[in-house]
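Since the model is a prediction, treat every value here as computed from it, not as a measurement.
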Amino acid sequence: MKYPEYKNPDYAKIADEILAYWQENNIFQKSITTRQGKPSFTFYEGPPSANGTPGIHHVMARTIKDIFCRYKTLKGFQVKRKGGWDTHGLPVELQVEKQLGITKEDIGRKISIEEYNQQCREAVMKFKGEWDELTRKMGYWVDLDDPYITFDTKYMETLWYLLKQLYEKGLLYKGYTIQPYSPADGTGLSSHELNQPGCYRNVKDTSIVAQFKVKGTENDYLLAWTTTPWTLPANSGIAVGENIDYVKVKTFNPYTFEPVNVILAKERMDAYFNEKARDLKVEDYILGDKLIPYEISDTFKGKALVGTEYEQLMSYVPLAKPAFTVIAADFVTTDDGTGLVHLAKTFGADDFRVLEQQGIPGVMVKDENGKEVPIVNKQGRFVSEITDFANMPVKNYDDEDENAPDYKSTDVKIAIKLKEENKAFKVEKYEHSYPHSWRTDKPVLYYPLDSWFIKTTAAKEKLVALNKTINWKPESTGTGRFGNWLENLVDWNLSRSRFWGTPLPIWRTEDGKEEKCIGSVAELQEEVAKANTAFASDTTLTEKNKAALAKEDLHRPYVDDIVLVSESGEKMMREPDLIDVWFDSGAMPYAQWHYPFENKETFEKSFPADFISEGVDQTRGWFFTLHAIAGLLFDSVAFKNVVSTGLVLDKNGNKMSKRLGNGIDPFSTINVYGPDATRWYMIANANPWDNLKFDLEGVKEVMRRFFGTLQNTYAFFALYANLDGFTYAEAAIPVAERTESDRWIISRLNSLIAQVDEAYAQYEPTRAARLIQDFTIDDMSNWYVRLNRKRFWQGEYDKDKQAAYQTLYECLVTIAKLSSAIAPFYTDRLYRDLNNITGKESFESVHLANFPEADNQAIDKELETRMELAQSASSLVHSLRKQHTIKVRQPLSKILIPVLNEDFKKRVQAVEKLILSEVNVKDIAYIDDTSGILVKKIKPNFRKLGKQYGPKLKAITAAIAGMGQDEINRLEQEQQYEIDLPGERIALTTEDVEITSEDIPGWSVAREGDITVALDIHITDELRKEGIARDLINRIQNLRKDTGLDVQDKINVRIEKSSELVDDAIRTYMDYICTETQALTLEVTDRLSDNFEILELDDMQLKIKITL
RNA sequence: GGGCUUGUAGCUCAGGUGGUUAGAGCGCUACACUGAUAAUGUAGAGGUCCGUGGUUCGAGUCCACGCAAGCCCA
């Protein structure tokens, strides 16, 4: 049995093979069953919607999910992960509308709701095949055989159960919010509809700066600006900015010329007062003059205005305190208007929010049922209570000719009235952007619409407190984005007026006085039975009820048909709304198990989740709904750890979109570069929560640099291990008995295990990937293998060789395990290629193995430091050789290393041999102080001195810089040295400075950190000959390779006599050359006649002939 | 308009608790090395650490105000 050797590894192909292996051997299932009885680690899958094709960002998000599930499995946890599909909601509906070429209005007319929903049900799984394929090909392990599906009746039944729980706790109520509403269409508009092109249009409207009289003053007025004068009768508050500067200005009303004191933001004065009137005196004003003088009589911050009461502007509907009070709001600016904002609670979302917070009521009237309604009806007309304008449309909804000479809009009529009453300070046309219905082109109003809410605000404190126990990655998303959101929580608006979704399970009598919330299918059946008994005489009704129930489907339209009976015997109809689809996904911890109807125990064991991960855009989506439902109903968090991932952008940092065509197809990427490199690149390149600029060049680089190096190292190992028959059959050689470099790489390996384990445990996969990558490339390949190459291909199969194999084997297997969570395919191949030969472990796959444990005994920090020293020393010698253009093949006699203390010397000595062989030098000479040739450099220890002396540091630095060699020596000998500062003397110790060797006069030196190296570049004849011998070996090796000889082929070499120097070199190093080149004979002949090759050696030419 | 994030070499990114020569990889240039060879080493070029103020003996790092990009929400 041999370790498989690969010529040109195709990583995509490897992945396919491994995938097949997993499938045949049920590796995923085994990764769960083999952990039976172990502590469980719960992961919740945020359900994707399969109505679109998956993109490259899904690979990113799912890689993160997969990594931690795999990691925890290796750590011995049982990690069940149920897949799921999000199936309801607007995107599906819009897609179907588009597909059928219909609009929302056509549903229930041109197409029945039943048929429409059937279309949705089919459309939503349209791309399930692609999703499953991606899941499989990218190696995302999730259980797709038994997924939860949000349109499933069982799933929906759990939603009803949860809603009923909320209802019974009094957390589900009917209220209203201010939403875009089109009176012309008689319907509300979704934000999606509002985002239709052409919806926002520039229109000229009448704007009014109204004068609100401050209570208890003679003629002090608050100036508030509005572009919707029709909302003025509904005014019940005014908002100011707390930190904005306001002024009180003495002037005259430009329409009535009455003297007034008006209050507005200082910055806005220019807009309302004529510069030319600045120097006029208020006292000198002649009534009726166009140029109106003004004078600032007071200045104050907005804060001072808060609480000011004023008189109602248009008193059609009286209102009690605290209405008509000035409040502070964060949305007030001085960009336009007056810096005071008129608030109409029923006609602005901001207005509603701040007034609600302050407990200020809105201007409402009672309708015929005694229900409170706004002063504008659903047709967009003033109600009768607004006597002067009763029944007038607030916008031009009657298609009147606006260009007619006598046309006056309602806004204008209001303006005229206010002017006459000394209540308008300025009236003008104002052009602004205003939303219009995309159907009728008529202006949209912001209007209170009925909605069902979950009273999340009731649990705000709890939700905030629970959030603090969640480990957020990154932390700022939890404390900032999510935390702030919770702090400013508003009630969750559940209502959606759509068709494809979970219906609200609430039935109401027509007068709204009695209602019932249904919490299960069984309950619905009971209630239907009751109703059918109560309304037995109405067979149409009872038959409909029966038919609807028989469908066993909780969707519309069936549930709409069901009529229930109230306590008092009234008919109850279902509230027509659907619930927000976010409730669907937020309820998945319960609904995926059909809790509490089934799987109670399973649910309890898997709640809350240990880990979830989704895009940061889910903060107010899934993350919130999970948190809210768990907090409200279960007094618990829904998840303990969460990684919110950033966006995947194109390589230029632009959002990927179908329109721009800059999207990356995940399938082709995986097919070309393989899933491992794709996954590794995404993880190693940037932290998952940072946006990723996805560049295929980066994937290529990862493939070459990391996987290429790892594969190369394996290939190297396999090549020689196969030749030597290494199968790890021998007992492991104790680490203490292995070479310095073996112990070093093992120490580094164990340090790596500990660091990688910690990185994963802290949900920092990027750190883990980078650590593994650096170790593989720098430590294992470029240093350990390079230094130890000879041990693998030279000499007998002795202990030393076994130690080398064992050491490298250990490294490779460990890297396979550490990386397996990120690159599951290649690492499984690597692991099994190695382990199948040695049989060290009995696992069928790396994913069934255990995470390596760091052996602290094997970690030797001192050794790691020493090796760093060897690396920098070697690098310095290489650099010196480079300067003098002396190739490494040419041996040199010695290097000098200055040593300023014994510790340093010991360290270098320990790695002396390594350095010498690495740089091809015969000897190291250590020079210390006593040699008297060192030039030293002194530098202040800023960290220490700074703390101690602070401001005096500049003077001290100057004094130290002035120290010569004698002074430095004295400091070192006496351990103390006094320097003069202006006015005082300071004693320095050796701790206060850093002394390094700067130079060795007459030598060529190089420095890096605290190590200095000098190189003896004199080449003796002896060295020259050895250099020639090495050159010759190199040329012969090249020749062997070029002629296609195998590594083990023995050869005979004949070389034509040339210079004495070369002949001498060959004679002297005959044995050496023969051993290295596997030559049986090597002779120098007078003349080579035919079939010879010419070797270039420095400036010489050699004729050579190689035969088998 | 608000909240959050990001800004360091041509590109992608590192740079605990402030410490005096700001690093790596890729790319570019040159040279070397060569039973790991579609690999490797060394060197060079390339930086107003987004800007402006401030704190400090000392700021890429801390503070304030901006600018730019992104996400979410109005």
Side-chain angles (χ1 to χ4, degrees), chain A residues 7-8 191 329-333 335 349-350 353 474 476-485 487-488 615-621 644 646-647 649 651-655 681 684-687 689-695 697-698 700-702 704-706 708-709 711-720 766-767 770 773-774 777-778 781-782 785-786 789-790 792-794 874-883 885-889 918 920 939-947 949-957 1007-1008 1033-1035 1037-1038 1040-1041 1045-1048 1076-1078:
Chain A
K7 280 222 175 73
N8 295 308
S191 59
D330 52 13
F331 56 77
V332 179
T333 69
D335 296 340
D350 274 339
R353 183 169 53 83
S476 59
T477 300
T479 54
R481 192 185 275 235
F482 196 65
N484 289 344
W485 158 254
E487 294 287 352
N488 298 304
V616 67
D617 51 343
Q618 296 290 334
T619 308
R620 290 168 193 196
S644 80
L647 264 70
L649 309 167
K651 64 178 176 181
N652 299 318
N654 299 314
K655 217 173 160 172
Y681 163 71
N685 192 63
N687 279 313
W689 39 86
D690 289 334
N691 289 348
L692 172 69
K693 291 182 196 163
F694 191 91
D695 189 353
E697 289 301 316
K700 271 188 221 169
E701 189 187 322
V702 161
R704 238 193 16 245
R705 231 168 89 72
F706 176 63
T709 306
Q711 169 59 24
N712 249 328
T713 310
Y714 166 78
F716 173 83
F717 170 85
L719 177 67
Y720 294 109
T766 305
R767 197 146 54 85
R770 285 174 178 171
Q773 190 170 298
D774 289 347
I777 297 168
D778 296 336
S781 174
N782 288 350
V785 172
R786 195 153 55 83
R789 269 194 306 231
K790 281 212 165 90
F792 291 88
W793 49 266
Q794 241 180 21
S874 305
S875 149
L876 290 172
V877 176
H878 281 305
S879 133
L880 286 168
R881 276 181 174 276
K882 152 85 183 159
Q883 275 173 35
T885 50
I886 302 172
K887 53 195 166 193
V888 178
R889 236 183 279 122
E918 176 66 9
N920 196 14
K939 207 177 76 176
N941 181 344
F942 283 99
R943 198 185 284 262
K944 183 165 185 299
L945 289 174
K947 281 207 181 92
Y949 295 108
K952 294 175 199 152
L953 200 58
K954 265 198 178 136
I956 296 173
T957 306
R1007 282 170 28 83
E1008 183 191 301
I1033 292 169
N1034 162 247
R1035 301 303 190 276
Q1037 297 284 37
N1038 285 346
R1040 283 182 59 120
K1041 205 162 50 167
L1045 293 178
D1046 202 69
V1047 180
Q1048 299 145 82
E1076 290 287 323
T1077 60
Q1078 311 256 33

> What integer distance in Å separates Phe706(A):CZ from G25(B):P?
Replying inline: 17 Å
> Sub-3.5 Å donor-acceptor pair from the side chain of Tyr720(A) to the main-chain atoms of Arg789(A), do we have one?
Replying inline: no
> Just checking Asn920(A): base, sugar-phosphate only, or nothing, at a heavy-atom cut-off of under 4.0 Å?
Replying inline: nothing
> Is there a Watson-Crick or G-U wobble partner for C4(B) with both distances under 3.5 Å, and which nucleotide is it?
Replying inline: G70(B)
> Out of A36(B), G3(B), U6(B), which nucleotide sits closest to the side chain of Asp690(A)?
Replying inline: U6(B)
> Among A36(B), G3(B), C26(B), which is the nearest nucleotide to the side chain of Tyr720(A)?
Replying inline: A36(B)
> What interatomic distance, in whole Å, is found between C1' of A59(B) and the corresponding atom of U17(B)?
Replying inline: 15 Å
> What nucleic acid atoms does Lys944(A) come within less than 4.0 Å of, heavy atoms only: base, sugar-phosphate, or nothing?
Replying inline: nothing
>> From the set C13(B), A74(B), A36(B), return the single nucleotide nearest to any side-chain atom of Arg770(A).
In response: C13(B)
> Using a cut-off of 4.0 Å on non-hydrogen atoms, how would the nucleic acid contact of Arg353(A) be classed: base, sugar-phosphate, or nothing?
Replying inline: nothing
>> Taking the minimum atom-to-atom distance to the side chain of Leu647(A), which one of A74(B), C71(B), U5(B) wins?
In response: C71(B)
> Tell me: CG of Asn488(A) to C1' of G3(B), nearest whole Å?
Replying inline: 9 Å
> How long is the line joining CG of Leu692(A) and C1' of C11(B), in whole Å?
Replying inline: 14 Å
> Hey, does Ala686(A) reach any base, or is it just sugar-phosphate, or nothing, if we go heavy atoms under 4.0 Å?
Replying inline: sugar-phosphate
>> Under 4.0 Å from OP1 or OP2 of A14(B): is there any side-chain N or O of Asn687(A) that close?
In response: yes
> Think Arg704(A) has a side-chain N or O under 4.0 angstrom from the OP1 or OP2 of G27(B)?
Replying inline: yes
